[in-house]
Peer 1: 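First the structure, which I've put down as structure tokens, then a few questions once you've had a look.
In listed order, ligands and their atoms are each counted from 1.
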Amino acid sequence: MTLGLDQKMNNDDADLESSTVAPPTGGQADLLHRMGLEAGHAAVVGLQWGDEGKGQIVDQLAGHFDAVVRYNGGNNAGHSVHIGQEKFALHLVPSGILYPDKLNIVSNGVVVDPSPDTGILKEITGLRNRGVLIGENLRISDRAHVVMPYHKVQDALYDEAVAHTWESGTAIGTTGRGIGPCYADKALRTTAIRMGELLDPDRLREKINRVVTIKNVLLSALAEHCGRPFDPFDPQVLLEQAVAQGQNLKSHVTDTFQLLHNTVMAGKRVLFEGANAALLDIDHGTYPFVTSSSTSSLGVGPGTGLPVQTMKNVIGVAKAYTSRVGGGPHPTELQDEVGEHIRNVGKEFGTTTGRPRRCGWLDLTAVRYSVRLNGCTAMVCTGLSVLAGLDPLKVCVGYRYGGRKSENFLPDADVLAQAEPIYEQLEGFSGVIGDIQDYRDLPAPARAYIDRVERFVGVPVRVVCVGPRRDQTILR
Ligand code: IMP
């Protein structure tokens, strides 16, 4: 049995493409049944370092829920939805927007770039131009923090300055969307701006004057340190832009805490759409090579204001191999022709910048860690077809580090960078498997691969994706 929309994750730098398309219809109820999702709310989360293809699942599931909620991250994330020849790329707007009757909530844990050039207003305009209805079905928390233009400058300069001074000469390699500096200001409090403040020009004027004075001092010093030119920000210009953006978004900004509690109390079903992925989690990822939010299902509580026990189901999505974009340890990375093969066949390049993703064997130790962190109740394995033609296949089942063996993931980035993967070899498979629609028709070694994943991580793999198209998603 197959289902789904034809789509592919392009998290790091996908962008909206022009053209018009009809909204997709819902997936099949069988998906809910097979995933044990008949009742309760659910979250979909990435189990590696991003770009796992979770959008392929979120969009299918969205049809069966009443509301879709983004609870973490910003427009560093996103996924592209391919419907026939058409493509939608969503960065901040939840996936439910492609269904006319769903409520879409950007909750307090998200950082929102409101700008019409790079942010949510651009996304809204792009979607509207293609016939997608956006009105009361999109709600943005008044407590979500605002990514301001200086955050993006700070992001770039800071990453560059760090690369200069770090012994390794490496930077985090951020997406440059101002995510880290915005969350940093949230933690600092006095230099942060929340969405609700965009609707109050007097309060905003006082705030922007204060913040911009500080930012100009910091950024000019940082720019000088990096040998870069820096034009100080004009508080009046920023104020005018921010007020205009606030007016344009006014009808969407609300108290999403109340809205979500009312939604849940009314017996509606909520799907939480995790952004980024577990190994990029600010607390539990490969720190400091992580993003700045709680990317796992644990982020749903603080990111929405709903109690943690609200969630019944957590679906973890992992690729049949590993990819990573940006800096940081990646023990199973293959800098050889196999890695090249995976990158080319899996189209592991960002769609706008063309940044090549660092590809390698599946790290089961890492995936099991993420499954435990998220409390996954089911798993989805994507990208299986990319492995066709490779024999043998290898999966990492532990590490050697400092003369010792570890069966567990090593989230400390310095430790992980020195860890040597312990591989288990599995028989490969060949041929084109992208057209297979029944799990039993997959080559026996491909099924054995999925069995091994399942046994190692300890949760059932309910769905296997053999390609990004809607007819390439196989229910087990
Ligand atoms: P930031 O979130 O822009 O600060 O980037 C921090 C790190 O996380 C960088 O290595 C990014 O490449 C990576 N990253 C952030 N979001 C995603 C994502 O959605 N997919 C893949 N990598 C991501």
Side-chain angles (χ1 to χ4, degrees), residues 8-15 44-56 58 70-80 89-92 95 109-113 118-119 145 147 151-160 162-163 166 168 170-187 273-296 299 317-319 322-330 333 343 346-359 366 370 382-383 411 413 416-417:
K8 170 141 176 51
M9 286 293 286
N10 288 303
N11 276 346
D12 52 334
D13 53 9
D15 208 348
V44 177
V45 290
L47 299 177
Q48 294 158 313
W49 280 292
D51 307 305
E52 294 92 352
K54 55 189 176 294
Q56 192 163 353
V58 169
R70 268 287 305 272
Y71 61 88
N72 77 294
N75 59 355
N76 53 350
H79 71 263
S80 304
L90 303 169
H91 296 284
L92 275 162
S95 301
V110 176
V111 289
V112 178
D113 176 353
T118 55
H145 281 73
V147 177
H151 286 137
K152 287 175 252 181
V153 174
Q154 189 176 343
D155 202 2
L157 285 175
Y158 201 82
D159 220 28
E160 189 177 335
V162 165
W166 253 356
S168 62
T170 52
I172 288 180
T174 72
T175 60
R177 306 245 155 112
I179 308 300
C182 184
Y183 277 116
D185 277 343
K186 174 177 178 176
E273 184 176 7
N276 323 119
L279 301 179
L280 292 170
D281 186 88
I282 182 76
D283 287 290
H284 302 287
T286 49
Y287 192 88
F289 298 98
V290 294
T291 188
S292 307
S293 66
S294 291
T295 56
S296 78
V317 185
K319 270 194 293 221
T322 311
S323 75
R324 172 159 211 176
V325 66
H330 178 349
E333 182 174 9
R343 180 159 42 249
K347 297 190 175 61
E348 293 291 351
F349 299 89
T351 52
T352 305
T353 64
R355 270 207 297 183
R357 298 183 186 135
R358 302 159 56 198
C359 298
S370 298
T382 59
L416 192 64

Peer 1: Can you list the atoms of ligand 1 that are under 4.0 Å from a heavy atom of Trp49?
Peer 2: 21 (C), 22 (N)

Peer 1: Would you check if there is a donor-acceptor pair between the side chains of Thr295 and Asn72 at a distance under 3.5 Å?
Peer 2: no

Peer 1: Can you figure out which of Asn276, Thr291, Val111, Asn75 has its heavy atom closest to atom 16 (N) of ligand 1?
Peer 2: Asn276

Peer 1: Within the 4.0 Å heavy-atom shell around Ile172, which atoms of ligand 1 are there?
Peer 2: 6 (C), 7 (C), 9 (C), 10 (O)

Peer 1: Can a non-hydrogen atom of Ser292 be found less than 4.0 Å from any atom of ligand 1?
Peer 2: no

Peer 1: Without hydrogens or angle criteria, can the side chains of His151 and Asp185 be said to hold a donor-acceptor pair below 3.5 Å?
Peer 2: yes

Peer 1: In terms of atom number and element, which parts of ligand 1 are under 4.0 angstrom from non-hydrogen atoms of Gly173?
Peer 2: 9 (C), 10 (O), 11 (C), 12 (O)

Peer 1: Considering only NZ, NE, NH1 and NH2 on the basic side and carboxylate oxygens on the acidic side, decide whether Asp113 and Arg177 come within less than 4.0 Å.
Peer 2: no

Peer 1: At a 4.0 Å threshold, what atoms of ligand 1 neighbour a non-hydrogen atom of Gly326?
Peer 2: 10 (O)

Peer 1: Heavy-atom contact check, 4.0 Å cutoff: does Arg355 meet ligand 1?
Peer 2: yes

Peer 1: What do you reckon, does Arg177 have a nitrogen or oxygen under 3.5 Å from a nitrogen or oxygen of ligand 1?
Peer 2: no

Peer 1: Would you check the N or O atoms of Asp155, main chain and side chain alike, for any that come under 3.5 Å of an N or O of ligand 1?
Peer 2: no

Peer 1: In terms of side-chain geometry, is the basic nitrogen of Arg70 or Glu273 positioned less than 4.0 Å from the acidic oxygen of its partner?
Peer 2: no

Peer 1: Against heavy atoms of Thr174, which atoms of ligand 1 measure under 4.0 Å?
Peer 2: 1 (P), 3 (O), 4 (O), 5 (O), 9 (C)

Peer 1: Between Arg343 and Glu348, is there a side-chain N and carboxylate O pair less than 4.0 Å apart?
Peer 2: no

Peer 1: When rounded to the nearest 0.5 angstrom, what is the spacing between CG in Asp281 and OG1 in Thr291?
Peer 2: 9.5 Å

Peer 1: My understanding is that we take every heavy atom of each candidate and find the minimum distance to atom 6 (C) of ligand 1. Doing that for Val290, Asp159, Val325, which one comes out nearest?
Peer 2: Val290

Peer 1: Measure the spacing between OG of Ser294 and CD1 of Ile282 and express it to the nearest 0.5 Å.
Peer 2: 8.0 Å

Peer 1: If every non-hydrogen atom of Trp49 is compared with every non-hydrogen atom of Ala277, which pair is closest and at what distance?
Peer 2: C-CB, 3.9 Å

